[in-house]
Asker: 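Can you read through this structure? Questions will come right after.
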Protein chains: 2
Amino acid sequence: MAGDISIGELSRRAGVKVTTIRFYEGAGLMPAPPRSEGDRRLYDAGHVRRLSFIRHARELGFEMEDLRTLLELSDRPGGSCGPVDEIAGRHLAAVEDKIAKLTALKGELSRMLATCSHGAVAECRVIEALADHSHCGGEH
Amino acid sequence: MAGDISIGELSRRAGVKVTTIRFYEGAGLMPAPPRSEGDRRLYDAGHVRRLSFIRHARELGFEMEDLRTLLELSDRPGGSCGPVDEIAGRHLAAVEDKIAKLTALKGELSRMLATCSHGAVAECRVIEALADHSHCGGEH
DNA sequence: GTTGCATCCTATAGTCACTGTAGGAGCAAG
DNA sequence: CTTGCTCCTACAGTGACTATAGGATGCAAC
């Protein structure tokens, strides 16, 4: 099981930068692995799996705090997956919310650009739209 | 023109926190205003307009660096609004890109949750999907 | 055996856009 | 005069890293 993978090799296999791996170790997401005589970190296949899990979850936008819980749960396969669903569900809702906000934003930006006559700043619709916050829900 | 607005009043009028206003001053987005005898900042209607502009642009996701350029341009109304369009266009593209990514993400999260049987962690599809990065474009 | 280079080590500071806290001073009302 | 709010500066903390400095190690070529 101990294939003795260096941090650089782990980095390549999981697609996570070396410095980020060390950062994850300090943050408690990755365990402190055994060391070689020359004080270098020695990883194995289990570490590759764990780091890939972390990478994927981070790409999906899960926060490190969520990750801590998720990793803890996946380490104890006997427990209920209710908390996992809860975290994923909460995250899904946040993603949907963000999509809605960005879509509204896209509309506003497109409209700004479409109505701009591309002349002088004085008549620029973009600047005007940014200065005018009458229709952006600014509570005075 | 000098209505002598306190930082708290400016905060309420523009919808930006007091601490954030001071931060913007340090960051060069807001000018250092005149002070009262007791060393308090004294703002006027122009400051309210400028801060509202900043707030709106920030809400639309423009970065402070973009804001610096945008503010500089809006201060010189005679110039061409080409750079403004360029910044807004670049930002619109970034927003569209983000929407696309989040939509894909939403699909993956929904699928994960839908296929989970809500039993033990051992059979949890969510954990499994996170551990398996075969279909997430992970190079190697 | 030594030279040279890639990789590794720790520790610290910087990023962005703020937010929070500590420890005071100013000011208006009761 | 005291209470309580607003204001002041200065600095530390957030999240999730990234970058840099200044070495030590390991391995292959010469």
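All heavy atoms count here, side chains included; hydrogens, waters and symmetry mates do not. Residue numbers begin at 1 in each chain, while the letters A, B, ... track the order of the sequences.
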Asker: Could you give all pairs that pass the ring pair (Phe, Tyr, Trp, His ring centres under 6.0 Å) test and reach residues 8-27 of chain A, with sequence neighbours left out?
Answerer: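 Of all non-adjacent pairs touching residues 8-27 of chain A, none passes ring pair (Phe, Tyr, Trp, His ring centres under 6.0 Å).
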Asker: Please name all residues satisfying side-chain hydrogen bond (donor to acceptor under 3.5 Å, both in side chains) with B:R50, sequence neighbours left out, ordered by chain then number.
Answerer: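 Once residues adjacent in sequence are excluded, the partners of B:R50 under the side-chain hydrogen bond (donor to acceptor under 3.5 Å, both in side chains) criterion are B:D75.
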Asker: Got a sec, which pairs hit side chain to side chain donor-acceptor pair (under 3.5 Å) with one end in residues 90-99 of chain B, sequence neighbours left out?
Answerer: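 Checked against side chain to side chain donor-acceptor pair (under 3.5 Å) - neighbours excluded - the pairs reaching residues 90-99 of chain B are B:E86-B:R90, B:D97-B:K101.
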Asker: In whole angstrom, what separates A:I7's CD1 from C:dA6's P?
Answerer: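 After rounding, the gap between these two atoms is 19 Å.
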Asker: Reckon A:R22 has a side-chain N or O less than 4.0 Å from the OP1 or OP2 of C:dT12?
Answerer: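 Result: no.
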Asker: Name every donor-acceptor pair, under 3.5 Å, that has one atom in a side chain of residues 61-69 of chain B and the other anywhere in the protein, sequence neighbours excluded.
Answerer:
from: B:E65; atom 1: OE1; to: B:R68; atom 2: NE; distance (Å): 3.4
from: B:R68; atom 1: NH1; to: B:A27; atom 2: O; distance (Å): 2.5
from: B:T69; atom 1: OG1; to: B:E65; atom 2: O; distance (Å): 3.4

Asker: Excluding sequence neighbours, so at least two apart, what forms side chain to side chain contact (heavy atoms under 4.5 Å, CB included) with A:S36?
Answerer: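 Result, side chain to side chain contact (heavy atoms under 4.5 Å, CB included) vs A:S36: A:R40, A:L42.
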Asker: Generate the contact string for nucleotides 13-30 of chain C. Rules: B means base contact, S means sugar-phosphate contact only, - means no protein heavy atom under 4.0 Å.
Answerer: ----BBS-----BB----
Asker: Identify the 5'-most and 3'-most nucleotides of DNA chain D with at least one atom closer than 4.0 Å to a non-hydrogen atom of chain B.
Answerer: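 Range of nucleotides touched by chain B: D:dT6 to D:dT9.
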Asker: A:D39: which residues meet the side-chain hydrogen bond (donor to acceptor under 3.5 Å, both in side chains) condition with it, sequence neighbours left out?
Answerer: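 Residues passing side-chain hydrogen bond (donor to acceptor under 3.5 Å, both in side chains) with A:D39: none at all.
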Asker: State the CG-CD1 distance between B:L10 and B:I21, to the nearest 0.5 angstrom.
Answerer: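 Output value for this atom pair is 4.0 Å.
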Asker: Sequence neighbours left out, what passes side-chain hydrogen bond (donor to acceptor under 3.5 Å, both in side chains) with B:E25? Give chain and number order.
Answerer: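 Counting only residues at least two positions away or on another chain, B:E25 forms a side-chain hydrogen bond (donor to acceptor under 3.5 Å, both in side chains) with B:R41.
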